[in-house]
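Chain letters run A, B, ... following the sequence lines, proteins first, then strands; residues in each count from 1.
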Protein chains: 2
Amino acid sequence: MAKTSQAAGLHRASLAKLHDLDAALELMYYGWRGMTLEADDYLAKQGLSRPHHRILYVVARRPDIAIGALIEILGISKQALNRPLNLLLERKLLTSKRAPEQHRSKLLRLTAAGQRIEQRASDHERKVMRQAFERAGASGTAAWMAVMEAIADNN
Amino acid sequence: MAKTSQAAGLHRASLAKLHDLDAALELMYYGWRGMTLEADDYLAKQGLSRPHHRILYVVARRPDIAIGALIEILGISKQALNRPLNLLLERKLLTSKRAPEQHRSKLLRLTAAGQRIEQRASDHERKVMRQAFERAGASGTAAWMAVMEAIADNN
DNA sequence: GCCCTCATGTCAACTATGTTGACTTGAGAA
DNA sequence: TTCTCAAGTCAACATAGTTGACATGAGGGC
């Protein structure tokens, strides 16, 4: 969990471009870095990290989600989910309860504390995006979204 | 190393949007995924992965780079660099030789085989970007770049 | 020649995030 | 009662990173 925000590799390296699209590859890399850097710092201060945030993010947007559905969305195994999920339950950032009729599955929900942390972490990321979109204007933002959708839906 | 390209979590999850910028956060996540998916599959078939590709990518663009400079650019410790770098040397995808006058540092260079693998892996990524840019046109591409630069340079 | 610095290399111990496989538990349904 | 299914748990492993400590080998200063 990066303490060393000033450490090497955090400035964008200036590499010769072998292909005209190399700049785009590097922008994807450094863009992800730029968006997540402050959020990860905040999470580290809470003793949490990106996998915890991903869980909180999804549960915030799918209250009463079952564990199996969460595994599906996150794309990890239940064993990999186990540790971070239990930590969030122990910390009382999440609650789990049996469904009223469907007792086979457990339903997850954020507590007030969990909502606060999820919101603050995501706010760091949204702040970065908001500033970039403000500079780009509405049409630039729409263009960015269109390009990103094409990239995301490639597979 | 993801074999299961059809596995869970690889389709974009449809989550309720709590904030208007949530779509942007998810596009960054799935965008990175979409760009790297095929390249990572290709690399896995070669017995390599993302860190190896990052080394090959940088050395391709900075022939005769010293180890210390590589560490700087990658932003990892020399101990972390050690394993993937030695694998690439053993596989003869990289060569290292002493500098003619500055014997203290070793200079890294890609072999022909290393160049081929670097190029093919990066080609998978560039292909995704090219297709997205073709749909967006020149002005959409420029707008995307401007937004990504603002995000990347946030820190 | 002797020592200091500096780049590199290596060993150990640790953390975090993921994997597969095997097994248990507990609730509902046939 | 038995079968199924969601969830939980344990072990072993792989990968990618961290710090700390120490070794090696080349140049430079004196």
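Atom CD1 in B/Ile76 sits about 14 Å away from atom P in C/dG9, given to the nearest Å. Straight-line distance from the CZ atom of B/Arg50 to the C1' atom of D/dT15: 14 Å, rounded to whole Å. Computed from coordinates, the A/Asp40 CG to C/dA16 P distance equals 14 Å when rounded to whole Å. Atom pair B/Lys97:NZ and D/dA26:P shows a separation of 18 Å (rounding to whole Å applied). Atoms CD1 (A/Ile71) and P (D/dC5) sit 16 Å apart, rounded to a whole Å. What separates NE2 of B/His53 from C1' of D/dA16 is a distance of 17 Å, to the nearest Å. C/dT15 atom P lies 17 Å from atom CG of A/Leu48, rounded to whole Å. Taking atom CG on B/Leu85 and atom C1' on D/dT15, their separation rounds to 17 Å, with Å as the unit.
The side chain of A/Ser105 contributes no N or O atom lying less than 4.0 Å from OP1 or OP2 of D/dC5. Note on A/Arg54: a side-chain N or O is less than 4.0 Å away from OP1 or OP2 of C/dG18. Residue B/Lys106 places at least one side-chain N or O under 4.0 Å from the OP1 or OP2 atom of C/dG9. In terms of phosphate contacts, B/Ser77 brings no side-chain nitrogen or oxygen within less than 4.0 Å of OP1 or OP2 of D/dT19.
Side-chain atoms of A/Asp22 come within 3.5 Å of backbone atoms of A/His19 as a donor-acceptor pair (strictly under, hydrogens ignored). Looking only at distances, a side-chain donor or acceptor of B/Arg62 sits under 3.5 Å from a matching main-chain atom of A/Ser14.
Set against C/dT10, D/dT9, C/dT17, the side chain of A/Lys78 has D/dT9 as its closest nucleotide. Of the candidates C/dG9, C/dT17, C/dT10, the closest approach to any side-chain atom of B/Asn86 belongs to C/dT10. The listed nucleotides are C/dG9, C/dG18, C/dA12; the one nearest the side chain of B/Gln79 is C/dA12.
Checking each of A/Arg50, A/Arg54, A/Arg33, A/Arg130 against A/Glu125 for a salt bridge (charged side-chain N to carboxylate O under 4.0 Å, His left out) leaves exactly one that passes, namely A/Arg50.
By the ring-ring contact (aromatic ring centres under 6.0 Å, His included) test, A/His53 is found to be paired with no residue, residues two or more places apart in sequence or in another chain being considered.
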N/O donor to acceptor pairs below 3.5 angstrom from side-chain atoms of residues 111-121 of chain B, sequence neighbours left out:
from     : atom 1 : to       : atom 2 : distance (Å)
B/Thr111 : OG1    : B/Lys92  : O      : 2.7
B/Thr111 : OG1    : B/Leu93  : O      : 3.3
B/Thr111 : OG1    : B/Ala113 : N      : 3.4
B/Thr111 : OG1    : B/Gly114 : N      : 3.1
B/Glu118 : OE2    : B/Arg61  : NH1    : 3.1
B/Glu118 : OE2    : B/Ser122 : OG     : 2.7

